[in-house]
Structure formats: structure tokens, C-alpha cells
Amino acid sequence: MDLVSDETLGFELLAGADRCPDWTDDGWRTWYARMADLFRDHIPASVRVFVNVDAHQALDPAIVEGLLAIPGRDRLVVEWTEHIRPGLHAADFCEASACAFARLTQAGFALAIDDVGSGYDGIGRALQVRPAFAKLDMSLTHLARRVDPRFLRDLHDLFEGVGAQVIAEGIESAGDLERVRAAGIRYGQGYHFTRGMERTAMTGVLDVS
């Protein structure tokens with residue numbers, strides 16, 4: 001959500017267990033192979049969509065091919081998420097995957113750094129690829145309930161300095177929203193915005209059934 005205009009910035013599209021039930025590489029390749037048809041048949045051209053891609057997936061030619069087949073690349077935001085496969089270390093993939101994500105931006109996709117603050121170096125990733133968005137993990141939004149929330153403004157200023165708009169995740173209450181807005185953060189997502197919304201109302205805007 002745009003916290004200034006109260007308009008919808010976009011939707012985050014998640015596979016879920018019903019769409020990728022085995023969570024294997026082949027399962028994910030099948031999911032991303034469906035993306036072009038899903039966008040073409042179910043998602044209005046005016047809707048911006050955020051899609052998670054981890055470092056391993058960004059290096060998978062089949063998954064990249066699925067992304068490149070999506071019509072209207074300018075409406076897709078690829079989120080570099082921190083999901084790391086068992087037995088792999090994020091640092092081992094960081095440089096190679098940064099190049100892979102940079103190629104996606106060159107192909108016309110916008111890029112977001114996901115999970116900033118949840119573990120691995122979100123700031124370092126942002127400095128490598130200069131994303132359009134940086135998504136603060138919900139743990140930071142919730143931490144601001146217990147400590148001085150000025151650190152949110154510091155993060156906002158840091159990412160703004162490298163040209164990234166900040167999105168605060170995990171906004172679940174009016175208090176969360178007030179603290180995020182006070183930090184100068186323009187965008188946010190969380191249960192606070194969808195509480196009470198019927199599924200039919202959501203699918204009327206974004207139908208992926």
C-alpha cells in the first residue's frame with residue numbers, strides 16, 4: 001500500500017503448497033513455467049505484481065526463461081528473497097546471484113531486496129544491485145513496538161540514498177502504521193490492510209484461480 005495516498009502499490013504473488021506441493025527444483029520450474037499464462041489469463045495489465053525469487057532460482061536457466069516469458073515485464077517486481085537451500089551458504093551464491101538479478105533488471109524487471117533485517121546482508125545486497133525497492137522484514141516493524149523506532153528512519157534514509165523505495169512488511173495494527181509513517185516510509189504491507197476483506201473481494205481484483 002502507498003501509505004500517503006492509501007492506494008494499492010501492488011500484490012505479492014505466492015505459490016503456496018497447492019501450487020508447488022513438493023518444493024523441489026522441478027516443482028519450482030513448473031510453477032515459474034506457468035507464470036506467463038497466469039499473467040496473460042488472470043492478472044490485469046494495470047496490476048503490479050511482486051514475485052519471490054531466491055539466489056538459487058535466479059541461477060536456474062529454466063526459471064529465468066519462465067520469468068522472461070511474462071508479458072509486460074515493467075509490471076513485475078522480482079524480490080531477491082533470503083530463502084537458502086539446506087547445505088548452501090548465502091555468501092557462496094551472493095556474487096553470482098547478484099549478477100543474475102542484475103541481468104533481470106537489464107531485461108526490464110524491477111528488483112526488490114526482500115527480508116532486510118531477517119538474517120543475511122540485505123544492505124550489502126542492495127548496494128550490489130541498486131534495487132527499486134527494499135522490503136524491511138516484519139521483525140523490524142515489530143521491533144519498533146518495543147524500542148525507539150528511530151532506527152526505521154535510519155534504514156529509510158540509507159536505502160533512499162541508493163535509490164530504493166522502502167516497503168515495511170508486517171504492519172498489523174494502527175500503531176504499526178503510525179510508526180512506519182513517522183519514519184518517512186512511503187510503502188507498507190501487512191494484515192492491517194487486509195483484515196476483514198473477503199476472498200471474493202480480493203479475487204475480483206487479482207484472480208489467479
Side-chain angles (χ1 to χ4, degrees), residues 1-20 38-39 42-54 75-83 109-123 125-126 131-209:
M1 293 291 294
D2 185 322
L3 305 183
V4 175
S5 68
D6 290 328
E7 296 179 347
T8 300
L9 173 68
F11 295 86
E12 184 169 358
L13 182 62
L14 302 173
D18 57 336
R19 303 294 182 180
C20 187
L38 190 151
F39 270 73
H42 297 289
I43 300 177
S46 59
V47 172
R48 177 184 277 140
V49 180
F50 290 70
V51 176
N52 291 331
V53 177
D54 67 31
R75 63 191 173 121
L76 184 73
V77 182
V78 174
E79 296 189 24
W80 181 353
T81 185
E82 266 200 0
H83 301 154
F109 299 111
L111 181 62
I113 300 298
D114 195 18
D115 308 312
V116 172
S118 68
Y120 192 60
D121 187 9
I123 294 174
R125 285 183 289 148
F133 300 97
K135 300 185 74 175
L136 302 186
D137 188 74
M138 67 172 61
S139 62
L140 297 180
T141 301
H142 299 171
L143 178 63
R145 300 169 181 172
R146 308 190 305 273
V147 304
D148 190 327
R150 283 182 292 184
F151 75 89
L152 292 176
R153 179 170 290 277
D154 293 338
L155 288 169
H156 166 267
D157 293 347
L158 186 153
F159 283 109
E160 189 177 64
V162 297
Q165 296 277 1
V166 174
I167 302 174
E169 297 183 301
I171 297 176
E172 298 176 351
S173 67
D176 289 339
L177 178 58
E178 181 180 353
R179 283 183 289 273
V180 167
R181 277 179 169 159
I185 295 173
R186 176 73 182 261
Y187 302 106
Q189 70 181 71
Y191 183 59
H192 177 70
F193 303 110
T194 57
R195 180 181 288 111
M197 292 181 69
E198 297 293 337
R199 179 175 175 80
T200 52
M202 291 296 292
T203 55
V205 177
L206 184 62
D207 182 5
V208 295
S209 59

In Å and rounded to the nearest 0.5 Å, what is the [atom1] to [atom2] distance from [X] to [Y]?
X    : Y    : atom1 : atom2 : value
L155 : I123 : CG    : CD1   : 6.0 Å
Q165 : L9   : CD    : CG    : 9.0 Å
F39  : L76  : CZ    : CG    : 4.5 Å
I167 : E169 : CD1   : CD    : 8.0 Å
I185 : T141 : CD1   : OG1   : 7.0 Å

Taken in chain and number order and not counting sequence neighbours, the residues that satisfy ring pair (Phe, Tyr, Trp, His ring centres under 6.0 Å) with Y187 are none
Who passes ring pair (Phe, Tyr, Trp, His ring centres under 6.0 Å) against F109, sequence neighbours left out? none
Start with the C-alpha gap between H192 and M1, add the side-chain angles, then the distance that decides, and say whether side-chain contact (heavy atoms from CB on, under 4.5 Å) holds. CA-CA 11 Å; H192 177 70; M1 293 291 294; over 6 Å; no
Modelled atom types, side-chain donor and acceptor of T81 and D54, under 3.5 Å: no
May I ask you to decide if G184's main-chain N or O and H156's side chain share a donor-acceptor pair within less than 3.5 Å? yes
Side-chain donor/acceptor of T8 to backbone N/O of G10, under 3.5 Å: no
Shortest non-hydrogen contact between [X] and [Y], atoms and distance:
X    : Y    : value
D6   : R181 : OD1-NH2, 3.2 Å
G188 : I171 : CA-CD1, 3.8 Å
C20  : A15  : CB-CB, 4.2 Å
G117 : S139 : O-OG, 4.0 Å
A164 : A134 : CB-N, 4.2 Å

Take V116 and D137, measure what side-chain contact (heavy atoms from CB on, under 4.5 Å) needs, and give me the verdict at the end. CA-CA 5 Å; V116 172; D137 188 74; 5.9 Å; no
Taken in chain and number order and not counting sequence neighbours, the residues that satisfy salt bridge (charged side-chain N to carboxylate O under 4.0 Å, His left out) with D176 are R145, R179
Go through it in stages, so that I can follow the logic: the residues are D115 and K135, the test is side-chain contact (heavy atoms from CB on, under 4.5 Å), and I'd like the CA-CA distance, side-chain angles, deciding distance and then a yes or no. CA-CA 6 Å; D115 308 312; K135 300 185 74 175; over 6 Å; no
Is any side-chain heavy atom of [Y] closer than 4.5 Å to one of [X]?
X    : Y    : answer
L177 : F193 : yes
L140 : F151 : yes
V77  : V49  : no
E79  : V51  : no

Assess whether side-chain contact (heavy atoms from CB on, under 4.5 Å) is satisfied between R125 and W80, documenting all intermediate values. CA-CA 9 Å; R125 285 183 289 148; W80 181 353; 3.6 Å; yes
ring-ring contact (aromatic ring centres under 6.0 Å, His included) between F133 and F50, intermediate numbers included: CA-CA 11 Å; F133 300 97; F50 290 70; 5.6 Å; yes
May I ask you to say whether D2 pairs ionically with R186, meaning some side-chain N is under 4.0 Å from a carboxylate O? yes
Salt-bridged, E160 to R153, with N to O below 4.0 Å? no
